[in-house]
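Below is one structure, written out as structure tokens, with a few remarks after it.
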Amino acid sequence: MIPRNPTEAHRNFFQEVHEVVRLVPAGRVTTYGAIAHYLGARHGARMVGWAMMAAHTADAYVPAHRVINRNGQLTGRLHFATPTAMQEALEAEGVRVLDDEVQDFRRLFWDPTTELE
DNA sequence: GTACTGACGGCTT
DNA sequence: TAAGCCGCCAGTA
């Protein structure tokens, strides 16, 4: 667990989210809700997405392309450098993406709550 | 100071 | 089983 600094609570929230995303293995994907649940669901899944929006401002690299919504759709692809960057990054890792939707999503799903315990 | 919006998810109808 | 509505927290107008 990552210690929190009361003076920078939201910044640590970003760090926690980014930390979890970095743990996602290449070729696997996770969801906003799974991360929110892993962090105790104290913030809505929306906050996780909001934290992802700030992923590019993080010092360390955050594989944001491995985080998608619960439907397996690449809802955040428009926030990448190019609209196709997210899909291409996933396909480069062996994840099949068709029409902005991860194929065989249920099998590729990586849940931090059960994987990290 | 109030209201709307957003990389979403779960519950209810 | 599918579709719709409401809630989470923070930022911006």
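Here is the naming used below: chain letters follow the sequence lines, and residue numbers restart at 1 for every chain. None of the values given here were measured: they were computed from a predicted structure.
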### Query
A:H18 vs A:F14 aromatic rings, parallel, tilted or perpendicular, using cut-offs 30° and 60°?
parallel

### Task
Write down the atom of A:F105, the atom of A:I68, and the distance for their closest heavy-atom approach.
CE1-CD1, 3.6 Å

### Summary
From CD1 of A:I35 across to C1' of B:dG10 the rounded distance in Å is 17 Å

#### Entry: N/O (side chain, A:T31) to phosphate O (OP1/OP2, B:dC8) under 4.0 Å
no

### Closest nucleotide among C:dG11, B:dA7, B:dC8 to the A:W50 side chain
C:dG11

#### Entry: Rounded distance in Å between the P positions of C:dC5 and B:dT5
15 Å

### Message
In whole Å, I'd like the distance from the NE2 atom of A:H79 to the C1' atom of B:dG6.
### Response
8 Å

### Task
Can you tell me the distance, in whole Å, between the CZ atom of A:F14 and the C1' atom of C:dC9?
11 Å

### Rounded distance [0.5 Å steps], OG1 in A:T75 versus CZ in A:R70
13.0 Å

### Check: B:dG10 base within 3.5 Å donor-acceptor of A:R70 side chain
no

#### Entry: A:R46 CZ - B:dG9 P separation (whole Å)
10 Å

### Summary
From CG of A:L39 across to C1' of C:dC9 the rounded distance in Å is 14 Å

#### Entry: A:N71 CG to B:dG9 C1', straight-line distance once rounded to whole Å
10 Å

### P-based separation of B:dA3 from C:dG7 [nearest Å]
15 Å

### Task
Measure the distance from CG on A:N69 to P on B:dG10 and round it to the nearest whole Å.
11 Å

## Note on the structure
Given the options A:Q87, A:H56, A:H65, A:F80 meets side chain to side chain contact (heavy atoms under 4.5 Å, CB included) only with A:H65

### Task
To the nearest Å, give me how far apart CD (A:Q73) and C1' (B:dA7) are.
12 Å

